[in-house]
Amino acid sequence: MQYRLRQLKNSPYITYALFGLTVLVFLLETVNGGSTNNYVLVRFGARWNPLIEAGQWWRLITPIFVHIGLMHILVNGVTLFYLGGITELIFGHWRFLVLYLVSGFTGNLASAAFNPTGLAAGASTALFGMMGAYLMLYDGYRENSGIRAISRQFVMLAALNIVFDLFMPGVDIYGHIGGFLGGFLIAYALGAPKLGETSMPRRVGSLFALVAASAALLIFAFGSAL
């Protein structure tokens with residue numbers, strides 16, 4: 001029994017739960033009219049500013065579980081399963097969950113602020129947040145060569161994806177950038193105790209910057225509804 005509990009503790013079960021929930025939502029979209037149907041997307045929680053302004057603030061989180069088409073869920077699902085598992089083992093279970101949700105929130109908030117007329121959905125805001133967390137690891141744990149190596153790979157992957165976003169119509173680059181920066185800041189605020197302590201002034205400063213930037217975007221995007 002103790003072995004099984006220890007085995008569970010050492011497995012990325014939050015990643016598995018998020019992956020399972022994401023797949024479940026996609027299946028429900030499919031059987032309720034199709035994942036490319038705008039009405040279905042809105043019904044299941046896609047970001048649409050008029051409904052947020054009407055009081056549905058949860059739409060700044062729920063889009064990370066909603067996907068548009070089979071290729072969208074395949075790419076994001078595989079990335080979540082692989083990258084999420086690694087990230088959760090580095091940061092720990094609850095820190096990873098906070099990182100994922102906060103990144104999704106900041107990404108959707110940036111999307112709402114700079115792409116106000118669009119209908120947005122997808123886990124990519126949170127996935128870019130995980131890549132932003134690796135920028136924090138690269139900066140905060142410079143003495144760890146292994147962490148520096150893996151962090152460099154994921155940060156370069158994020159940079160390449162953002163460059164590609166510039167030339168791909170229909171891609172929400174604002175959500176990706178917002179998620180990346182949110183992930184960087186919340187990762188610094190949370191720290192990664194398994195790797196060692198980080199500077200307390202940086203942690204506090206990152207949390208302040210995250211709250212201040214989020215407040216500014218909220219006012220910019222939804223000032224009239226606040």
Side-chain angles (χ1 to χ4, degrees), residues 12 14-52 56 58-88 96-97 99-134 154-183:
I14 298 295
T15 296
Y16 299 156
L18 291 170
F19 177 81
L21 179 58
T22 301
V23 172
L24 175 62
V25 171
F26 183 78
L27 293 176
L28 291 174
E29 290 176 57
T30 302
V31 300
N32 281 277
S35 63
T36 58
N37 183 307
N38 285 347
Y39 171 77
V40 173
L41 294 171
V42 170
R43 181 182 172 192
F44 277 86
R47 180 195 62 75
W48 193 42
N49 280 18
L51 290 179
I52 297 175
Q56 296 183 11
W58 43 268
R59 289 184 183 274
L60 292 171
I61 291 289
T62 52
I64 64 178
F65 301 106
V66 181
H67 287 81
I68 308 170
L70 183 59
M71 187 56 65
H72 197 202
I73 183 70
L74 282 176
V75 172
N76 283 355
V78 169
T79 305
L80 169 59
F81 194 85
Y82 172 69
L83 183 57
I86 298 172
T87 309
E88 183 175 349
F96 168 72
L97 179 60
L99 167 64
Y100 192 82
L101 295 177
V102 169
S103 300
F105 170 79
T106 58
N108 283 307
L109 184 55
S111 174
F114 299 109
N115 183 27
T117 60
L119 180 69
S124 55
T125 52
L127 300 179
F128 269 83
M130 285 192 279
M131 296 180 198
Y134 283 94
F154 288 129
V155 171
M156 288 180 62
L157 177 63
L160 287 172
N161 272 277
I162 289 175
V163 171
F164 290 149
D165 288 349
L166 295 172
F167 303 98
M168 295 180 66
V171 174
D172 191 353
I173 188 172
Y174 301 110
H176 293 176
I177 294 174
F180 183 87
L181 295 176

* To do: Could you tell me whether the side chain of Leu74 reaches within less than 4.5 Å of the side chain of Val78, counting heavy atoms only?
  => no
* Report yes if the side chains of Val66 and Leu41 come closer than 4.5 Å at any heavy-atom pair, otherwise no. => yes
* Find out whether Ile73 and Leu70 are in side-chain contact, i.e. whether some heavy atom of one side chain is under 4.5 Å from a heavy atom of the other. => yes
* To do: State, to 0.1 Å, how close Gly85 and Pro12 come at their nearest heavy-atom pair, and which atoms those are.
  => CA-CB, 3.8 Å
* Worked verdict on Phe180 versus Thr106 for side chain to side chain contact (heavy atoms under 4.5 Å, CB included) -> CA-CA 9 Å; Phe180 183 87; Thr106 58; over 6 Å; no
* **Gap separating the CG atom of Asn76 from the CZ atom of Phe81, nearest 0.5 angstrom** => 15.0 Å
* Please list, chain by chain and in numerical order, all residues satisfying side chain to side chain donor-acceptor pair (under 3.5 Å) with Glu88, sequence neighbours excluded. => Thr15, His93
* **Pair listing, side-chain hydrogen bond (donor to acceptor under 3.5 Å, both in side chains) test, anchored in residues 35-50, at least two apart** => Arg47-Asn49, Arg47-Ser111
* Compare all side-chain heavy atoms of Asn161 with those of Phe128 and state whether any distance is below 4.5 angstrom. => yes
* Roughly how far apart are Ser103 OG and Leu181 CG, rounded to 0.5 Å? -> 10.0 Å
* Asked: How about Phe65 and Phe44: are their ring centroids closer than 6.0 Å?
  -> no
* Are the side chain of Arg59 and the backbone of Ala46 linked by a donor-acceptor contact shorter than 3.5 Å? -> yes
* Between Leu157 and Tyr134, is any pair of side-chain heavy atoms under 4.5 Å apart? -> no
* Structure fact -> To the nearest 0.5 Å, atom CG of Leu21 lies from atom CD1 of Ile64 at 8.5 Å
* Output, in order, the C-alpha distance, side-chain angles, deciding distance and verdict of side chain to side chain contact (heavy atoms under 4.5 Å, CB included) for Leu80 and Thr22. => CA-CA 10 Å; Leu80 169 59; Thr22 301; 4.2 Å; yes
* Which distance, rounded to the nearest 0.5 Å, do you find between the CG of Leu60 and the CG of Leu101? -> 12.5 Å
* Asked: If you measure from CG on Leu51 to CG on Leu119, what distance do you get to the nearest 0.5 Å?
  -> 9.5 Å
* Would you confirm whether the ring centroid of Phe26 sits within less than 6.0 angstrom of the ring centroid of His67? => no
* Any side-chain heavy-atom pair of Ile86 and Phe154 under 4.5 Å -> yes
* Assess the pair Phe114 and Tyr174: is the distance between their ring centroids shorter than 6.0 Å? => yes
* Asked: Taking C-beta and beyond as the side chain, do Leu127 and His176 meet within less than 4.5 Å on heavy atoms?
  -> no
